[in-house]
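Computed from heavy atoms alone, side chains included, the values below leave out hydrogens, waters and symmetry copies. Just so you know, residue 1 is the first one in the sequence shown, and it goes up from there.
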Amino acid sequence: MTEPAYLAAVRESYDTVAADYAARVAPPAELDPLSRATLAAFAEIVETSDRKPVADLGCGPGKVTAHLAELGVPAFGVDISPKMIDLAREAYPDLRFTVGSMTELELDDDGLGGILAYYSTHHTPPDLLPLVFAEFHRTLAPGGHLMLVGHVGNGERRRPTQAYGGHPVTYESHLLPPTRIAEMLGRSGLAVSAQLVEEPDEGATRTIATFMARKPEPVSEPQPR
């Protein structure tokens, strides 16, 4: 499969900002109460399943992956940026981190108990999100859970030129309506069980949405009497 062109911009941009990103982005323990609560809820949900591994997709420097591990989740991280993965491995040598893309995960079918996509899908062009969500569905075990968190909007496309300490970046961000994201998740075969939309408060500029979804288990055929 040919790599989508936007992935090169995402990889190069996050390689460029990796060190400053790791220094500037707060660890989960310092996030707002609602963010901490949703991560804890996801950890409890996947922990009560059959303990298949949980993939933190777009893990960056590994802070959230490590937080899940501290909550008792058998988590590992995947990120498209090799420099982010280097930072994650250095900071958390006991955890597993690999370089990879959400568009073509090098993971087995039905092998994951959970997927966390934490502010990691908004760089994907909307027409390619179904490909990403199809990979989520393919790699989740029946009964496995997804938590997707990210910035949303009314279809805006943002093209920043600098980020995280003034470093040049070339990625784009796509801020889709929550209803559209939920619809695409459903079309991929994932059943959305909960949605939470946080409107900007004082000091914030963007709306955040959290989605909880599940890969349905096969329906058993009734046995003949």
Side-chain angles (χ1 to χ4, degrees), residues 1-28 30-31 35 55-67 75-92 95-107 115-136 147-177 180-181 184 200 204-211:
M1 176 180 174
T2 303
E3 179 181 84
Y6 80 95
L7 287 178
V10 174
R11 180 185 297 108
E12 292 168 6
S13 296
Y14 278 101
D15 275 351
T16 299
V17 305
D20 277 291
Y21 181 102
R24 290 166 179 262
V25 173
E30 298 177 12
L31 294 176
S35 295
D56 178 9
L57 301 181
C59 66
K63 295 181 182 182
V64 179
T65 318
H67 183 68
F76 67 96
V78 179
D79 200 276
I80 195 169
S81 163
K83 290 193 177 180
M84 286 287 196
I85 291 298
D86 286 344
L87 291 172
R89 288 170 174 167
E90 181 179 355
Y92 309 105
L95 299 179
R96 178 162 64 97
F97 295 96
T98 60
V99 177
S101 167
M102 288 184 286
T103 61
E104 195 173 9
L105 293 166
E106 295 183 1
L107 298 171
I115 289 175
L116 176 66
Y118 204 66
Y119 297 94
S120 58
T121 60
H122 61 278
H123 295 308
T124 305
D127 61 328
L128 293 179
L129 268 180
L131 176 65
V132 170
F133 293 164
E135 280 292 271
F136 291 178
M147 186 169 97
L148 187 154
V149 183
H151 298 293
V152 294
N154 294 310
E156 303 97 316
R157 182 169 66 173
R158 299 187 176 183
R159 299 176 176 176
T161 58
Q162 295 180 336
Y164 304 105
H167 296 287
V169 294
T170 56
Y171 55 58
E172 296 181 342
S173 293
H174 304 270
L175 307 183
L176 300 181
R180 187 173 176 190
I181 296 173
M184 284 192 283
T205 59
R206 288 185 284 184
T207 303
I208 298 168
T210 299
F211 304 86

What one should report as the nearest heavy-atom pair of Ala66 and Leu95 is CA-CD1, 3.6 Å
Distance-minimising heavy-atom pair for Pro82 and Arg11
CD-CG, 4.0 Å
Please list, chain by chain and in numerical order, all residues satisfying side chain to side chain contact (heavy atoms under 4.5 Å, CB included) with Ala117, sequence neighbours excluded.
Ser120, Thr121, Phe136, Leu148
Is there a side chain to side chain contact (heavy atoms under 4.5 Å, CB included) between Ile208 and His151 once you walk through the steps?
CA-CA 4 Å; Ile208 298 168; His151 298 293; 3.9 Å; yes
Spell out, as yes or no, whether a donor-acceptor pair under 3.5 Å connects the side chain of [X] to the backbone of [Y].
X     : Y      : result
Lys83 : Val17  : no
Ser13 : Thr170 : yes
Asp79 : Ile85  : no

Apply side chain to side chain contact (heavy atoms under 4.5 Å, CB included) to Leu105 and Leu57, showing your working.
CA-CA 9 Å; Leu105 293 166; Leu57 301 181; 3.9 Å; yes
Run the side chain to side chain contact (heavy atoms under 4.5 Å, CB included) check on Tyr171 and Glu12 step by step: do they pass?
CA-CA 9 Å; Tyr171 55 58; Glu12 292 168 6; over 6 Å; no
Please report the interatomic distance [atom1]([X]) to [atom2]([Y]), rounded to the nearest 0.5 Å.
X      : Y      : atom1 : atom2 : result
Leu128 : Phe133 : CG    : CZ    : 11.5 Å
Arg180 : His174 : CZ    : NE2   : 10.5 Å
Ser35  : Tyr119 : OG    : OH    : 5.0 Å
Leu7   : Met102 : CG    : CE    : 8.5 Å
Asp127 : Met184 : CG    : CE    : 9.5 Å
Leu129 : Ile181 : CG    : CD1   : 7.0 Å

Count the heavy atoms of every other residue, nucleotide or ligand shown that sit under 6.0 Å from CD of Glu106, and state whether that count exceeds 12.
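At most 12 heavy atoms, drawn from other residues, nucleotides or ligands, come within 6.0 Å of this atom.
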Is it true that atom CD of Glu90 has more than 12 heavy atoms of other residues, nucleotides or ligands lying nearer than 6.0 Å?
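At most 12 heavy atoms, drawn from other residues, nucleotides or ligands, come within 6.0 Å of this atom.
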Does a donor on one side chain and an acceptor on the other come within less than 3.5 Å for Tyr14 and His123?
yes
Quick one: are [X] and [Y] in side-chain contact, heavy atoms under 4.5 Å?
X      : Y      : result
Glu135 : Thr103 : no
Leu175 : Val152 : no
Pro168 : Thr161 : no

Sorted by chain and number, sequence neighbours left out, salt bridge (charged side-chain N to carboxylate O under 4.0 Å, His left out) with Arg89 holds for none
Can you check side chain to side chain contact (heavy atoms under 4.5 Å, CB included) on Val169 and Tyr164, steps first, answer last?
CA-CA 9 Å; Val169 294; Tyr164 304 105; 5.9 Å; no
